[in-house]
Novice: 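Following this message is one structure expressed as structure tokens.
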Amino acid sequence: MAPRSPIDDSAAFGTADWDGAPCGLLRLDESGRIVAANAGFLERSEYAVGDVLGRRFWDELLAVGSRALFQTQLAPVLELDGRLEEVMVDLRTARGERVPALLNATRLTGETGTSIGTSIALMSVPDRRTYERELRAARDTAERALAADARARRRLELLNQANTALASSTDAEIAAGSLARAFVAQLADWCLIYLPDPDASELLRWSAAHADRARTLLVDRLAELLPVHAGPSSAFGHALLRGEPVLLTEVTEQDQRESTDSAEVLALYSALRPGSAILVPGTVRARQLATIVVVREHGRAPFTDDDLADMTDLAARTGIVIDNLRRQAREHSNSVALQQALLTTPPPTPALQIVTCYLPATTGNEVGGDWYDAFLQPDGTPVLVIGDVVGHDIHAAAAMGQLRGVIRTVGYTQPGPPADVLTRADAAARGLGVDVLASALVAHLETGADGSMALRWSSAGHPPPILCRQGQARALDVAPDRLLGLGPSLQKTRHDHQVPLEPGDTVLLYTDGLIEDVAEDIDVGIARLIASIERAGRGGLDELCDFILKQRAAEGRDDVALLAIRLLRRPSAPA
Amino acid sequence: MDGVLARNNVRVSGQPQGQPIVFAHGYGCDQAMWRFVAPTFEPEYRVVVFDHVGFGGSDLAAWSAQRYGTLQAYADDLLEIIRELDLRDVVFVGHSVAAMIGVLAANAEPRRFAHLILLGPSPRYIDDMEAGYVGGFSESEIDELLEALEGNHLGWSAGMAPVIMGNPDRPELGRELTESFCRTDPRVALTFARATFRSDNRADLARVTVPTLVVQCAQDAIAPEVVGAYVHEHIATSELVALRATGHCPNLSAPGETAAAIGSYLQRHGAPITD
């Protein structure tokens with residue numbers, strides 16, 4: 001078929017409409033050859049009309065990329081759907097340049113439904129490429145921002161879990177265990193946390209976790225072997241021995257073989273399949289207190305530099321928390337040791353059984369300033385002391401030691417009644433600069449000329465003694481005098497109280513840790529103690545003390561000092 | 001496993017006992033490419049069409065850039081389909097890049113295949129000057145093609161799946177086409193384009209032992225005649241037939257001639273087995 005000229009087609013709607021259209025217009029025959037082209041097309045493509053008529057548009061007038069795009073993508077759509085809309089192509093101009101254009105095409109069908117050609121409209125869109133590039137750049141930026149956002153959220157979640165694990169533990173090993181589980185829940189398949197303690201000669205401790213709990217034992221065994229079998233030049237050696245952070249993005253079998261001399265370690269590696277790993281030390285004041293190893297299995301996305309930064313940060317926090325927990329534990333055990341050292345065994349006394357007991361607080365790491373004391377005056381009079389220094393730390397324990405010494409000295413040398421002992425001891429402590437507030441109770445066990453016995457005591461704000469006679473207990477409740485250490489402006493006379501005792505009587509002196517409960521009135525606590533004493537029955541004094549202390553052990557927030565005496569049956573008095 | 005058939009949107013028609021003929025679409029569309037050719041074979045053959053993963057009605061969730069970055073993955077999928085349907089004596093018809101996918105599959109399990117029909121095949125699209133090989137494109141032209149693909153992201157949904165007008169009595173047709181026909185996630189399209197246009201399967205041709213027909217179109221800008229001749233020359237068991245049809249998609253532009261070329265080749269190589 002001979003190509004028709006543009007003029008031929010223009011007859012249908014006028015030359016002005018065809019050539020004056022503000023776009024390129026083309027008619028192709030059924031084989032894709034150009035049979036008509038308007039002025040707009042010739043202008044955009046820079047061809048003369050004679051150069052384009054009869055040319056195969058899709059193959060000869062498009063740049064190569066668009067040509068392939070048409071053959072693979074556009075032709076099927078045009079064939080099946082009969083039209084193309086808003087397709088981006090590059091025209092190749094007469095000078096070989098590429099002109100971006102937006103193309104619409106409609107397949108023309110004859111009366112029988114067969115294709116008789118294609119009608120095409122082209123808008124040149126010189127800025128379109130810039131626009132698309134900008135859109136793509138915007139999309140890339142948005143995707144990066146999304147990825148960064150997702151990463152930030154993941155990181156926050158990890159920090160949150162790690163902080164919770166660390167904050168809710170009072171023991172370094174428990175903290176490490178919670179942390180290891182947080183890591184395998186958030187970012188790793190398995191995790192080891194070593195807790196080297198430079199201040200203790202103990203064995204190296206660690207916690208291990210695996211996302212698959214059944215495999216935690218394997219990780220634990222590996223943790224045990226690694227310090228012995230990993231070479232100093234291995235990643236493990238770098239992290240644990242030299243305190244250097246290490247990121248392994250790819251752990252090869254060769255790496256594994258070169259890192260150890262142990263066949264068992266290699267067997268564990270092949271079971272645990274390490275693919276990438278981060279090893280970071282938690283160092284505080286140049287002392288390495290933790291080493292964290294997190295591992296992802298082979299085939300999982302490897303750790304990145306960002307993960308290393310997060311883990312380095314977390315390891316540093318972990319080191320600080322471990323340091324604090326260790327120091328608290330050390331101080332607590334120091335305080336307890338100091339206190340125990342200050343509490344001496346009561347002297348053997350005729351006709352009198354004395355049992356003493358001190359229980360440190362069972363929860364928290366507080367230590368109290370509670371004490372008891374029992375000694376004989378030069379004339380053989382037994383002196384019983386119980387006291388409680390305000391405060392719960394090593395300073396309270398030390399102050400208790402001083403105050404106890406003052407009361408002991410005054411109590412030994414001062415022949416006067418307990419009220420005098422307390423008054424003079426208070427003055428002496430103040431004069432000696434023992435700056436402490438305390439409750440205390442001093443009691444003398446007096447023997448009358450007729451051999452009868454009595455308890456004489458004075459209380460500086462201390463809970464009342466309990467007297468138990470023939471299975472019946474009662475508080476020797478009197479108005480207590482002021483605490484020790486309140487100062488000279490509050491000088492007031494202290495009072496003595498007295499109660500006669502019978503053979504078999506039991507008297508309990510105690511500190512408030514035995515009766516106080518934060519939620520309770522002190523009277524309720526005393527009533528409960530009395531009930532507990534009566535429930536204990538008539539066993540020996542040791543059994544009674546054990547029983548009472550067990551009642552309290554469950555809720556022991558405070559420490560407890562307990563001093564119990566029992567008058568023995570009068571030794572066969574001369575008839 | 002129903003998974004493979006759903007994953008690749010496999011459709012089976014024709015004679016259940018007939019010799020299987022499997023049609024694989026090429027780059028850029030889906031099984032709709034065969035809608036004018038495949039029915040011709042239904043009276044005698046068991047006809048199988050499918051979509052490559054990422055295209056048409058396939059399970060898009062099964063696609064990953066990592067797996068589908070090479071043609072081998074598509075060949076593996078094809079073999080899974082064949083095994084799943086337990087097809088033997090397969091006549092495989094592959095258009096464009098699917099021709100090479102068929103070559104890879106047939107080299108892996110030649111005993112499954114009776115014939116390979118390669119429609120517009122190219123073992124390598126980029127020229128290899130040193131080897132004196134003409135693929136039709138320079139390196140930079142392939143870059144330009146990939147760029148052209150990227151440039152059409154924006155118009156993808158609008159331009160690639162226009163609403164079909166004028167089918168008031170078959171509205172589902174328009175809906176079906178709008179939803180699936182040639183509408184491909186740009187990432188999938190680009191990944192497949194890279195796998196296709198940067199592939200080099202020349203060495204695989206010599207390993208083909210299955211009887212093969214190379215179908216060459218006139219004026220095919222993607223797989224020019226010189227490339228078809230190269231394929232014919234390097235597959236010892238091959239015949240070459242040239243169509244009068246032009247362009248790269250004779251299955252759409254000249255379905256009758258395409259079907260006739262395939263049919264007459266199969267006739268000459270023995271009647272289909274219909275037991």
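So you know, we letter chains A, B, ... as the sequences are listed, proteins then strands, and number each from 1. For clarity, every value in this text was computed on a predicted model and none was experimentally measured.
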Novice: Determine yes or no for a side-chain-to-main-chain donor-acceptor pair under 3.5 angstrom, with A/Gln71 supplying the side chain and B/His248 the backbone.
Specialist: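 A pair under 3.5 Å: yes.
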
Novice: Can you pull out the residues in residues 59-67 of chain A with any heavy atom less than 4.5 Å from chain B?
Specialist: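 When heavy atoms of chain B are the reference, residues 59-67 of chain A contributes A/Asp59, A/Ala63, A/Val64, A/Gly65, A/Ser66, A/Arg67 within the under-4.5 Å range.
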
Novice: Report the residues that fulfil side chain to side chain contact (heavy atoms under 4.5 Å, CB included) with A/Ala21, sequence neighbours left out, ordered by chain and then residue number.
Specialist: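 Expected list: A/Cys23, A/Leu25, A/Asn38.
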
Novice: Using a 6.0 Å cut-off, check whether atom CD of A/Glu46 has over 12 heavy atoms from anything other than its own residue.
Specialist: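 Above 12, so yes.
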
Novice: Indicate yes or no: at least one non-hydrogen side-chain atom of B/Cys249 is less than 4.5 angstrom from one of A/Glu79.
Specialist: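 In short, these two side chains do not touch, never coming nearer than 4.5 Å.
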
Novice: Checking B/Gln216 now: which residues fulfil side chain to side chain contact (heavy atoms under 4.5 Å, CB included) with it, not counting sequence neighbours?
Specialist: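 With sequence neighbours excluded, B/Gln216 shows a side chain to side chain contact (heavy atoms under 4.5 Å, CB included) to B/Asp220, B/Glu225, B/Leu240, given in chain and number order.
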
Novice: Given a strict heavy-atom distance threshold of 4.5 Å, which part of B/Ser96 is in contact with chain A: side chain, backbone, both, or neither?
Specialist: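 For B/Ser96, no heavy atom lies under 4.5 Å from chain A.
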
Novice: Taking every non-hydrogen pair under 4.5 Å, which of B/Gly120, B/Ala193, B/Ala221 racks up the most with chain A?
Specialist: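 Maximum pair count with chain A is reached by B/Ala221.
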
Novice: Among residues at least two apart in sequence or on other chains, which ones pass ring pair (Phe, Tyr, Trp, His ring centres under 6.0 Å) with A/Phe70?
Specialist: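 With sequence neighbours excluded, A/Phe70 shows a ring pair (Phe, Tyr, Trp, His ring centres under 6.0 Å) to A/Trp58, given in chain and number order.
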
Novice: Locate the shortest heavy-atom distance separating A/Pro76 from B/Leu252; write the atom from each residue and the value.
Specialist: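 Looks like CA-CD1, 3.2 Å.
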
Novice: Quick check on B/Phe137 against chain A: is it the side chain, the backbone, both or neither that has a heavy atom closer than 4.5 Å?
Specialist: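 Only the side chain of B/Phe137 comes within 4.5 Å of chain A.
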
Novice: How long is the gap from OG1 on A/Thr72 to CZ on B/Phe197, to the nearest 0.5 Å?
Specialist: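 So the OG1 of A/Thr72 and the CZ of B/Phe197 are separated by 5.0 Å.
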
